[in-house]
Engineer: 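Below is the structure I would like to discuss, written out as C-alpha cells.
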Amino acid sequence: MTTTTHTQTAHPHVEVLRAIYADLQRLPDYAVDDIVLHRADRSAEDPRVCRGVQAVLAHEQALVRLTGNTLVMDVQHITANDYFGAVLGILRAKHPQEIAMPFCGLWRFEGGRITEHWENAYNVAELQHLFTPPAPRTSSD
C-alpha cells in the first residue's frame, strides 16, 4: 500500500483570492485586462457576462452600493491550484433587507493571473430580489 502525504503549504493563488475577498479594489492587481465574469443571476438564455477588468470591478462595486455598503463576503474556505480557485462562504448584507446566503466563487487562472470568474449563490432568486429596486410608488398607493 502506498500513502501520499500532502504538505499544508497554501498555493499562491489562495493568497491572491484572500486579498481580493478582503478588498475588491485589489482585483485589477491580479486579473487580466479582458477578464470574464459570469454573474450569479445568469441563465442559459441570458448569460449576463461582464467583460473586462473595469466592467467586472464596476459590477462588484454596484453590488456593494445596492446594499448600502453593508455587503460582506464572509469567507470560510479557499482552495486553489495552478488552474482554478474556489472560495466558499456566506454572503451577508443588512440593507435593503438582512440576508445571509452561502456562495461559491470559482476562479480560473492562466499564467498566475485571473482570467475568468463564476459567481454562484445558493438561492439566485432571493439574491435577485435583494438587488431589485422597489417599484416606484404611484399616487394611488
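Any value given below was found using the heavy atoms of this structure, including those in side chains, with hydrogens, waters and symmetry copies removed.
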Engineer: Flag the pair Arg18 / Val75 as yes when at least one side-chain heavy-atom distance between them is below 4.5 Å, and no otherwise.
Structural biologist: no

Engineer: Should the heavy atoms of other residues, nucleotides or ligands under 6.0 Å from CZ of Arg51 be counted, would the total exceed 12?
Structural biologist: no

Engineer: Trp118, Val14: one ILVMFWY side-chain cluster at the under-4.5 Å cut-off?
Structural biologist: no

Engineer: For a quick test of reading the model, state the closest non-hydrogen atom pair linking His95 to Gly68 and the distance between them.
Structural biologist: CD2-N, 3.8 Å

Engineer: Could you tell me how the ring of Trp107 sits relative to the ring of Tyr21: parallel (under 30°), tilted (30 to 60°) or perpendicular (over 60°)?
Structural biologist: perpendicular

Engineer: Do Leu24 and Met73 have side chains that get closer than 4.5 Å, going by heavy atoms?
Structural biologist: yes

Engineer: Hey, are the side chains of Leu91 and Ile99 touching, using non-hydrogen atoms and a 4.5 Å cut-off?
Structural biologist: no

Engineer: Could you state the interatomic distance from CG (Asn123) to CD (Gln128), rounded to the nearest 0.5 Å?
Structural biologist: 9.5 Å

Engineer: Working to the nearest 0.5 Å, report the span between CZ of Arg92 and CG of Leu71.
Structural biologist: 11.5 Å

Engineer: Could you pull out all donor-acceptor pairs under 3.5 Å where a side-chain atom in residues 53-65 meets a protein atom, sequence neighbours excluded?
Structural biologist:
from, atom 1, to, atom 2, distance (Å)
His59, NE2, Glu119, OE1, 3.3
His59, NE2, Glu119, OE2, 3.1
Gln61, NE2, Gln25, OE1, 3.1

Engineer: Give, for atom CG of Leu88 and atom OG1 of Thr79, the distance between the pair rounded to the nearest 0.5 Å.
Structural biologist: 9.0 Å

Engineer: Cut-off 3.5 Å, side chains only: do His11 and Asp82 have a donor facing an acceptor?
Structural biologist: yes

Engineer: Among the clusters formed by ILVMFWY side chains lying less than 4.5 Å apart, do Leu27 and Val32 turn up in the same one?
Structural biologist: yes

Engineer: More than 12 foreign heavy atoms under 6.0 Å from CG of Asp33: is that the case here?
Structural biologist: no

Engineer: For Leu66 and Pro96, which heavy atoms make the closest approach, and how far apart are they?
Structural biologist: O-CD, 3.7 Å

Engineer: Tell me whether Val36 shares a hydrophobic cluster with Tyr30, the cluster being built from Ile, Leu, Val, Met, Phe, Trp, Tyr side chains joined at under 4.5 Å.
Structural biologist: no

Engineer: Could you grab the distance from atom OG1 of Thr70 to atom CD of Gln97, nearest 0.5 Å is fine?
Structural biologist: 10.5 Å

Engineer: For the residue pair Ile114 and Phe109, what are the closest heavy atoms and their distance?
Structural biologist: CG1-CE2, 3.5 Å

Engineer: In the structure I gave you, are the side-chain heavy atoms of Tyr83 and His13 within less than 4.5 Å of one another anywhere?
Structural biologist: no

Engineer: Return the minimal non-hydrogen interatomic distance between Pro28 and Arg113, and the atom names on each side.
Structural biologist: O-NH2, 3.7 Å

Engineer: With sequence neighbours left out, what residues match Gln76 under side chain to side chain contact (heavy atoms under 4.5 Å, CB included)?
Structural biologist: Ile90

Engineer: Measuring from His38:NE2 to His117:NE2, what's the distance to the nearest 0.5 Å?
Structural biologist: 10.0 Å

Engineer: Grab the two heavy atoms, one from Met101 and one from Ala121, that are nearest each other, plus how far apart they are.
Structural biologist: SD-CB, 3.7 Å

Engineer: Quick one: CG on Leu127 to CG on Asn120, what's the gap to the nearest 0.5 Å?
Structural biologist: 11.0 Å

